Amino acid sequence: MRVFQTSIVFLVAFSLPAPAESNPDLCEGHDWFQMRDKVAGGGASLLCKGAVDASFEHLSAAERELKAVIRKMPHSASSYDARGYLTYLFFRNGQYRKALKQIDLMIAEKPSDEDTKAIRSLFAVLASHPDQSVTSGKPSTIRSEIFEGNLFVPVTANGVAGTYIVDTGANISIICESEARRLGLKVDETSSKMSDITGTAAAIRVAEAQDLWIGKTHLKHVAFAVYPDANEPFIDLPEGRKAILGISVLIALGTFRVEKENRFDIQAGTVPPSAKVIPLAFDGAMPVTQLGLYGRTLNFTFDTGAGHTALGPVFASAFPDLMRTGSKKDYKLKGFSGSTNQESVVLPSVKFLLGKEVELAPAIVLLKTTTGYSEWATGNLGFDLISQTIPFTIDFRAMQLIVEDR
């Protein structure tokens, strides 16, 4: 049986324990857009309000509401879950010391929770450095490049020029060993593990770049996970390209527009009134968005670092008639830690609505879950479909993907 090759490699995630399903204060499921409507309609619990505000990057409101849950209901399932939401909120915004404090309080609350204890080592190393910060940020335009199916932008890290991948699917920025040496970074060991898109977990090491310039935006104390040069995608990339800008860096940029002719506008200006606005939210540290298909609205993880969009078991269950038009194939799914062969169905073409019509051809539907996200997301939206909407704007301040009709 033929094995199809792919370059879906960049989704990297850690997981806190899932909230207790028996907790009546929880919002239901992972549909943050539906939960936002529920909160707006009134009657939602304070925990649910805090979780939704955290998901949409309403930092002050989320911190206030979630800490109020902890004060009002100490030593409860609700206060424990509130700490989990705060941990993700702090982590993806580079506030590692605050995140570690919540991790320690969660462990004190539930000493037997092995999942939380397993990731503490990562947070302890991150918190040993100053938190990430933005010391200056002005609108700027730089020249981007699409190389090997991924979006690269020029950076200066620790005074050294490079060109790094823009990856919303990376929970933390990533660098290979040789690039870390080129930048003069010190690498710290942790005993924690992170999973890639195949679901394979590997030990994680961490380094910190004291300075990172992207255009006229200056970031301090940017954390990178460090992987061997022999791992995907670094093995095939030339020197100076062997790093990935993860979600905390991209949130720090605030707003950026990917234009035609390789323009990358940071803190992009006003978009045309005719532009289509598509919501973004966070599930943990992973952004999610919505695509349309046959009049239905579908939730996808939003992963600019994935070269190819992959559909999953949720898609297969939702569209059984469409699945019957495909053919079964083995599919080689490649991640940072290796590759796995996955059962899949290959569809000739599926046309989605992402502000405008985008076509996935062929469309690979994985038949088994690989990550926690694939248990509820319809698929992982990759750059192959996102790039069909250029020019587009990613706005992490308003939590929107904006697709311009030109």
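Counting from 1, the numbers follow the sequence of the chain as shown. Source: prediction; values computed, not measured.
Annotation: Gln34, atom CD; neighbour count of heavy atoms from other residues, nucleotides and ligands within 6.0 Å does not exceed 12. Shown here is Lys101, whose NZ atom has no more than 12 heavy atoms of other residues, nucleotides or ligands within 6.0 Å. The local environment of OH in Tyr294 is sparse, with at most 12 non-hydrogen atoms from other residues, nucleotides or ligands closer than 6.0 Å.
In terms of modelled atom types and a separation under 3.5 Å, the side chain of Thr371 and the main chain of Tyr373 share a donor-acceptor contact. The closest donor-acceptor contact from the side chain of Ser173 to the backbone of Phe224 lies at 3.5 Å or more, if one exists at all. Without hydrogens or angle criteria, Ser79 side chain to Ser76 main chain gives a donor-acceptor distance under 3.5 Å. When atom types are taken as modelled, the side chain of Ser55 and the backbone of Ala51 share no donor-acceptor pair closer than 3.5 angstrom. The backbone N or O of Arg143 sits nowhere less than 3.5 Å from a side-chain atom of Asn262 that would complete a donor-acceptor pair. In this structure a side-chain-to-backbone donor-acceptor pair under 3.5 Å is missing from Thr163 to Pro154. No donor-acceptor pair under 3.5 Å is formed between the side chain of Asp167 and the backbone N or O of Ile244. Put simply, the side chain of Asn93 never gets that close to the backbone of Gln95: no donor and acceptor are under 3.5 Å apart. Without hydrogens or angle criteria, Ser45 side chain to Cys48 main chain gives a donor-acceptor distance under 3.5 Å. Remark: side-chain polar atoms of Asp229 are paired, donor with acceptor, to backbone N or O of Ser178 under 3.5 angstrom.
The cationic atom of Arg241 (NZ for Lys, CZ for Arg) lies less than 6.0 Å from the six-membered ring centre of Phe152 and within 45° of the ring axis. Both tests pass for Arg296 against the ring of Phe319: distance under 6.0 Å to the centre and angle within 45° of the axis.
A distance of 9.5 Å separates CG in Leu293 from CG in Leu353, rounded to the nearest 0.5 Å. Rounded to the nearest 0.5 Å, atoms CD1 (Ile165) and CD (Glu145) are 11.0 Å apart. Taking CG of Asp283 as the start and OG1 of Thr301 as the end, the distance is 9.5 Å to the nearest 0.5 Å. In this structure, the separation between CG on Leu367 and OG on Ser317 is 9.5 Å, given to the nearest 0.5 Å. Taking CD1 of Ile364 as the start and OG of Ser344 as the end, the distance is 5.5 Å to the nearest 0.5 Å. Atom CD of Gln210 sits about 12.5 Å away from atom CG of Leu212, to the nearest 0.5 Å.
Ion pairing between a basic and an acidic side chain is recognised when a charged N comes within 4.0 Å of a carboxylate O; Arg120 and Asp104 show such pairing. In this structure, Lys117 does not pair ionically with Asp115, as no charged nitrogen and carboxylate oxygen lie closer than 4.0 Å. Under 4.0 Å is where a charged nitrogen must lie from a carboxylate oxygen, and between Lys242 and Glu177 no such pair does. Glu343 and Lys329 are not joined by a salt bridge, as no carboxylate oxygen comes within less than 4.0 angstrom of a charged side-chain nitrogen.
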Starting from the C-alpha separation in whole Å, work towards a yes-or-no answer on salt bridge (charged side-chain N to carboxylate O under 4.0 Å, His left out) for Lys220 and Asp211.
-> CA-CA 5 Å; Lys220 299 280 288 183; Asp211 290 280; 3.3 Å; yes
Would Glu404 and Lys276 satisfy salt bridge (charged side-chain N to carboxylate O under 4.0 Å, His left out), going step by step from the backbone distance to the final call?
-> CA-CA 6 Å; Glu404 300 177 31; Lys276 304 295 192 302; over 6 Å; no
May I have the step-by-step check of side-chain contact (heavy atoms from CB on, under 4.5 Å) for Asn299 and Asp31, ending in yes or no?
-> CA-CA 7 Å; Asn299 292 331; Asp31 191 337; 3.3 Å; yes
Step-by-step side-chain contact (heavy atoms from CB on, under 4.5 Å) determination, Tyr80 to Ile70 = CA-CA 8 Å; Tyr80 189 83; Ile70 295 167; over 6 Å; no
Stepwise salt bridge (charged side-chain N to carboxylate O under 4.0 Å, His left out) test for Arg263 and Asp265 | CA-CA 6 Å; Arg263 281 172 48 113; Asp265 296 329; 3.0 Å; yes
Full working for salt bridge (charged side-chain N to carboxylate O under 4.0 Å, His left out) between Glu63 and Lys98 = CA-CA 11 Å; Glu63 191 169 353; Lys98 286 185 175 181; 3.6 Å; yes
For side-chain hydrogen bond (donor to acceptor under 3.5 Å, both in side chains), just list the numbers for Gln132 and Ser248, CA-CA rounded to whole Å, side-chain angles, deciding distance to a tenth of an Å, and then say yes or no.
-> CA-CA 8 Å; Gln132 179 183 292; Ser248 68; 3.1 Å; yes
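Classification of the Phe123-Phe91 ring pair by plane angle, with boundaries at 30° and 60°, yields tilted.
Shortest non-hydrogen contact noted between Tyr85 and Leu66 is CB-CD1, 3.8 Å. Of all heavy-atom pairs spanning Gln290 and Leu354, the tightest one is O-CD1, 4.0 Å. When all heavy atoms of Leu245 and Val153 are compared, the closest pair comes out as CD1-CG2, 3.8 Å. Nearest heavy atom pair, residue Arg97 against residue Asp131, reads N-OD1, 3.3 Å. Of all heavy-atom pairs spanning Ala243 and Phe234, the tightest one is N-CE2, 3.7 Å. Nearest approach of Val258 to Ile390, heavy atoms of both residues: O-CG2, 3.8 Å.
Between Phe56 and Phe282, the gap from one ring centroid to the other reaches at least 6.0 Å. Centroid-to-centroid, the aromatic rings of Phe256 and Phe264 come within less than 6.0 Å.
Residue Phe302 is tested with Leu291, Val288, Asn380, Ile386 for a side-chain contact (heavy atoms from CB on, under 4.5 Å); the sole match is Ile386.
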